[in-house]
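Please read the structure below before turning to the comments.
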Amino acid sequence: MNRKKTFGLIYTFTCPAACQHCCFACSPDREEKMDFRLAEQIINSPYFMREFTTVFFSGGEVLLYFDEVTRLMGMAKGHYQIRCATNGFWGDNPARAEAMIRKLKQCGLTHLVVSYDEFHANFIPVSSIQTILKLCKKYLVEVEVQIAACQSSWRLADTANILLKSITEIPVLEAAVLLVGSAKKNLSEKDLIYEYEIVEDRCLGSDAIAIFPDGSVFSCCSPVSYSTPLLRQGVLRFGMSDAQIRNVIENDSLFRSLVKYGVNGTCRRKWPDYSISQKERYVNVCDYCHHTLSQIPY
């Protein structure tokens, strides 16, 4: 039985930015993109319509494929809440940005997530972000700003100060960078934010699955999911039957064990004879889960 309510379509790894912290190591050099026909089949699947309430378009930079994505949103409209994440590269042209916001709303967008922090600022001018936030207010599109932070980068207050009046009445959320993707190459443990002396062992449970450009399905939407092969449930391919799609989505026994028994409890049950080393400290349970499960052969 599926207990998730959101499915994330990580539509592409292509991105006009190449941020040092990116959990999927996206960049202009990456060419991976989901088959439009697969995304269309997923959205129109009777199983997905029955089981899920929200679709979340992300990347990479998903709005590089604006025409495809708005077509997919049009299919999803009336069946799902529609969320989308962007780095705001398209805000550099106010007239184009206004036309895009109007089109996104027309196609059913219910929530826009704009990523902006010190990492993104190396590629995206703040004026682009300010333009998009103002347009979202004008056209009553629900919007939030998400910030990725480490010890040496801007924190929430720094980013908020730069955006100033543009973020009035707009939620601004901060998430700690984890050492996966590009961050693994560019940052180190000393750069991470350790807010807790002891992190929760039991997975708090995500209500979302993530589907990547090649159709791979992962049990959660954490930044570490794609770098944790054991969390891979299977692959969706264009032309699958609805029963085959359901088998992939519900192949999540490991995730359910992590929620019920915790990381240690799951490892003791599934791999009792396997020796697993631990770090002195962890950023959060996702960091703990990734470090532990990555030591087990896939």
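The analysis underlying the following values was restricted to heavy atoms, covering all of them including side chains, and did not include hydrogens, waters or symmetry mates.
- For Thr228 (side chain) and Val224 (main-chain N/O), a donor-acceptor pair under 3.5 Å exists by modelled atom type.
- Annotation: side chain of Val113 is not in contact with side chain of Thr86 (no heavy-atom distance under 4.5 Å).
- In this structure, Arg83 forms no cation-pi arrangement with Phe57, as its terminal cationic atom is not both closer than 6.0 Å to the ring centre and no more than 45° off the ring axis.
- No side-chain heavy atom of Ile162 sits under 4.5 Å from any side-chain heavy atom of Ile129.
- Across every non-hydrogen atom of Leu192 and Val177, the tightest pair is CD2-O, 3.3 Å.
- Within 6.0 Å of atom NZ in Lys103, 12 or fewer heavy atoms from other residues, nucleotides or ligands are found, so the atom counts as exposed in its surroundings.
- Heavy atoms from other residues, nucleotides or ligands lying under 6.0 Å from NZ of Lys137 number more than 12.
- Judged purely by atom type and a 3.5 angstrom limit, Asp207 has no side-chain atom pairing as donor or acceptor with the backbone of Lys5.
- Val283 and Ala176 get closest at one heavy-atom pair: CG1-CB, 3.6 Å.
- Here the side chain of Thr54 pairs no donor or acceptor atom with the backbone of Thr6 at under 3.5 angstrom.
- Seen from the ring of Tyr47, Arg246 does not count as a face-on cation partner, given the 6.0 Å and 45° thresholds.
- A heavy-atom distance below 4.5 Å is not found between the side chains of Cys267 and Tyr274.
- The environment of Lys260 atom NZ is sparse: at most 12 non-hydrogen atoms of other residues, nucleotides or ligands sit within 6.0 angstrom.
- In this structure, Leu236 and Ile211 approach most closely via the heavy-atom pair CD1-CD1, 4.0 Å.
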Working for side-chain hydrogen bond (donor to acceptor under 3.5 Å, both in side chains), residues Ser115 and Gln146: CA-CA 5 Å; Ser115 299; Gln146 286 196 353; 5.3 Å; no

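- More than 12 heavy-atom neighbours from other residues, nucleotides or ligands sit within 6.0 angstrom of CZ on Arg96.
- Hydrophobic clustering of Ile, Leu, Val, Met, Phe, Trp and Tyr side chains at less than 4.5 Å, counting indirect connections, unites Ile101 with Leu72.
- Contact check for Ser219 versus Gln233: side-chain heavy atoms found under the 4.5 Å cut-off.
- Checked by atom type and distance alone, the side chain of Glu174 pairs as donor or acceptor with a backbone atom of Leu156 at under 3.5 Å.
- Using a 4.5 Å heavy-atom cutoff, the side chains of Phe36 and Arg71 are in contact.
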Derivation of the salt bridge (charged side-chain N to carboxylate O under 4.0 Å, His left out) call for Arg155 and Asp117: CA-CA 8 Å; Arg155 297 298 303 272; Asp117 42 53; over 6 Å; no

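- Side-chain atoms of Thr70 come within 3.5 Å of backbone N or O of Asp67 as a donor-acceptor pair.
- Note on ring orientation: taking the six-membered ring where Trp is involved, the planes of Trp154 and Tyr116 are tilted (angle from 30° to 60°).
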Verdict with supporting geometry, Gln106 and Tyr139, side-chain hydrogen bond (donor to acceptor under 3.5 Å, both in side chains): CA-CA 11 Å; Gln106 177 188 344; Tyr139 288 99; over 6 Å; no

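- For the pair Ser257 (side chain) and Ser253 (backbone), a donor-acceptor distance under 3.5 Å is absent.
- Minimum heavy-atom separation, His21 to Ala183: O-CB, 3.7 Å.
- Between Tyr282 and Tyr288, the ring planes lie tilted relative to each other; the angle falls in the 30° to 60° range.
- The aromatic rings of Phe13 and Phe212 sit tilted, their planes meeting at an angle between 30° and 60°.
- In this structure, Tyr80 has its ring center at least 6.0 angstrom away from the ring center of Phe52.
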Test log, rule side-chain hydrogen bond (donor to acceptor under 3.5 Å, both in side chains), inputs Asp92 and Ser128: CA-CA 5 Å; Asp92 60 343; Ser128 295; 5.1 Å; no

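- Heavy atoms from other residues, nucleotides or ligands lying under 6.0 Å from CD of Gln81 number 12 at most.
- Judged by distance alone, the side chain of Asp201 and the main-chain N or O of Asn264 form a donor-acceptor pair under 3.5 Å.
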side-chain hydrogen bond (donor to acceptor under 3.5 Å, both in side chains) assessment of Gln295 paired with Ser277: CA-CA 8 Å; Gln295 297 176 60; Ser277 66; 3.1 Å; yes

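- When each of Ile170, Ile132, Leu163 is tested with Val114 by the rule side chain to side chain contact (heavy atoms under 4.5 Å, CB included), just one qualifies, namely Ile132.
- At distances below 3.5 Å, not a single donor-acceptor pair connects side-chain atoms of Glu32 with backbone N or O atoms of Tyr11.
- In this structure, Asp191 contributes its side chain and Ser188 its backbone to a donor-acceptor pair below 3.5 Å.
- Within the 4.5 Å cutoff, no side-chain heavy atoms of Phe56 are placed close to those of His111.
- Looking at Thr266, its side chain does come within 3.5 Å of a backbone N or O of Gly262 through a donor-acceptor pair.
- Of all heavy-atom pairs between Val62 and Cys84, the closest is CG1-SG, 3.6 Å.
- By the neighbour-count criterion of 12 heavy atoms within 6.0 Å, atom CD1 of Ile198 is sparsely surrounded, having that number or fewer from other residues, nucleotides or ligands.
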